[in-house]
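Here the structure comes first, spelled out in structure tokens, and everything after it is commentary.
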Amino acid sequence: MTPPPVYSTNSTATDQPVGQQLVTFLRRVRVFLAVYYALMIEYRGEILLWVFATALPLIMLGLWYQAASDSTFALSPDAMLRYFLAVFFVRQLVVVWVIHEFEWEIVSGRLTPYLLWPLDPAWRYVAAHLSEQLARVPFFLLVMGLVIWMFPEALHDTETGTWWSPKSWQLLLAIPAIYSAWLMRFLIQYTIALGAFWVERVQSFENLAMLPYLFLSGMAAPLDVFPPLAQKIAMWTPFPYMIYFPATLVTGRATNIVQGFAVITAWIVGLFLLNRFIWRRGVKNYSAMGA
Amino acid sequence: MRYLKLLLTFWHVSVAAETEYRSNFVMSALNSMVTLAGAIFTLSLFYQNGHQLGGWPWHDALIVVGLFTILDGFSQTFLTPNRTRVTELVRQGTLDFVLLKPVDTQFWLSFRALSLWGIPNILLGIGITIYAGMHCEPPLHWTAYVIGFIPVILGMILLYSIGFALGTLTIWFTKLFNITMAMQAMLEAGRFPISAYPNAYRVIFTFILPIAFMTTLPAQTMLGRVEWPWFAGSAIFAICSLAFSRWFWGYALRSYTSASS
């Protein structure tokens, strides 16, 4: 894989007028996304498999739908369907894999040429992730369509007895919620990945740190059905904000919206500062493979 | 006999290589414990307001979780390390060297590597299964574990065959090396009794991706609730899929052209 060409080298040219800088920046964003999107399209088959590999919410959808149909739970069967469809959707957009890329680039020494770019390497990963999300869209929409076809009740609201309609203002807020959830997840993984400057096999650390993600994020069960104490404990971890919070916004059932955004923002700021601190230390410590 | 000797040598070498990374073992033990705790926590959420998941009492469902954990450990120990290797060999074209060896290729590819990382899962799974069996209504007799062991073995054979057949696909589609990962994710459904799923799911998990035969049926056998046609069906299914994986590998090899040729 050859690195995409750099279109502008004067990123430090602060003497340019602000408008000019903005144009340069936007052009760079466009080029980056286009290049990485083209790259990702080549891996369509794998991306389809990735959609299946992240199908856990759909398995849980079946279980919770059946359970809510047979007994009384905090959510009605149709609300369960919508919740897990939203979880599946959010899950597709918050997938992060920067650690694989970064660890490999460190171990193989490929990071070195990128350090010479007039651009922080983090931007390449961001672009790759955003393009991969885009390449995923048709696949997961197809899967979601299939699920709705299997369970048409998902679009029917038993509480009001009419078709379900999203609360549009919550749906709008879901967009920043999903992307800040993604950013938080990305920063957590990227910060752990920076450990690769010092130790090998950082992935096992990440796996360990993310274990509670499976059952505290709201992927295995909506937090509404947690016992009160477990719910409180979960809300003190960053995990529910990666899945549960955006998913409830999508379905229009969110409460504590301000608190949710406040917590995510706090995590993002903290992680960002930590990440930059470790990055600077790491680069100093880094002696490239074979150099 | 020759193959048994080979098998022992393979495993000896693998274990020796693994012990170099002892800290990994601690990691994977921690990993297994947290995952199991999470699974039990999730299962407990279904037992609110008098609900019983799929009509299974708590300790019965716990047996399913235990059997799944055993199967997961088995897969980590014996299947996954080999599966990743097959796709790697095809991609790099080094499969040629394996084909030239005077050993059955499928045997070599299936048993060459062994990883100790699955051991904590196997032990934890056995522990949970025995614990749950003791607290069932009525408690299980030791013979129940012995009889239940047979369908567990059949489930392992089934799991192996499907995994190997999917891995074989990489002979044609080199880029499909994520396919076994996708399968692994779908297998997660086996953590819960099949009767807890809606009808459409049950059909899929019985006939298309036969998860029902891997955990639910063995648990039913242990609990003495199995219908014998299903038991026989599971045996036939396992043997047929094993035969299929064998035939499919031979068939795929005919169109193997090695990398870059």
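Note on naming: letters A, B, ... go to the chains in the order of the sequence lines (proteins, then strands), and numbering restarts at 1 for each one.
Of the two parts of Leu53(B), only the side chain, counted from C-beta on, holds a non-hydrogen atom closer than 4.5 Å to a non-hydrogen atom of chain A. For Asn31(B), the parts lying near chain A are the backbone and the side chain together; criterion is any non-hydrogen pair under 4.5 Å. Proximity to chain A (any heavy atom under 4.5 Å) is restricted, for Phe41(B), to the side chain, taken from C-beta onward. Contact annotation for Phe205(A): both backbone and side-chain heavy atoms come within less than 4.5 Å of a heavy atom of chain B. Looking at Phe192(B), only its side chain comes within 4.5 Å of chain A, counting heavy atoms on both sides.
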* Check step by step if side-chain contact (heavy atoms from CB on, under 4.5 Å) holds for Phe237(B) and Trp230(B). => CA-CA 10 Å; Phe237(B) 209 163; Trp230(B) 280 104; over 6 Å; no
* Residues Tyr83(A), Trp64(A); criterion ring pair (Phe, Tyr, Trp, His ring centres under 6.0 Å); working and verdict -> CA-CA 10 Å; Tyr83(A) 173 75; Trp64(A) 281 109; 9.5 Å; no
* Decide yes or no on ring pair (Phe, Tyr, Trp, His ring centres under 6.0 Å) for Phe197(A) and Phe102(A), but give the supporting numbers first. => CA-CA 10 Å; Phe197(A) 279 125; Phe102(A) 188 79; 5.7 Å; yes
* Candidate pair Tyr201(B) and Gln66(A), rule side chain to side chain donor-acceptor pair (under 3.5 Å), full reasoning -> CA-CA 11 Å; Tyr201(B) 279 53; Gln66(A) 193 63 36; over 6 Å; no
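Under the 30°/60° scheme for interplanar angles, the aromatic rings of Tyr213(A) and Phe239(A) are found to be tilted.
Between the side chains of Glu137(B) and His59(B), no donor-acceptor pair of N or O atoms lies under 3.5 Å. With 3.5 Å as the limit, one finds no donor-acceptor pair spanning the side chains of Ser115(B) and Gln76(B). Looking only at atom types and distance, the side chain of Tyr125(A) has a donor-acceptor partner in the side chain of Glu105(A) under 3.5 Å away.
Of all residues spanning residues 206-222 of chain B, none has a heavy atom less than 4.5 Å away from chain A's heavy atoms.
Summarising the geometry of Ser14(B) relative to Ala113(B), their closest heavy-atom pair is OG-CA, 3.6 Å, with the distance given to 0.1 Å.
Ser71(A) places no side-chain N or O within donor-acceptor distance of the main-chain N or O of Ala68(A), the cut-off being under 3.5 Å.
Between chain A and the residues Ala39(B), Pro198(B), Ala182(B), Ala196(B), the most heavy-atom pairs under 4.5 angstrom are made by Pro198(B). If you tally non-hydrogen atom pairs under 4.5 Å between each of Leu63(A), Ile59(A), Asn207(A) and chain B, the highest count goes to Leu63(A). With chain B as partner, the option from Asp70(A), Leu214(A), Leu216(A), Leu211(A) having the largest number of non-hydrogen pairs under 4.5 angstrom is Leu211(A).
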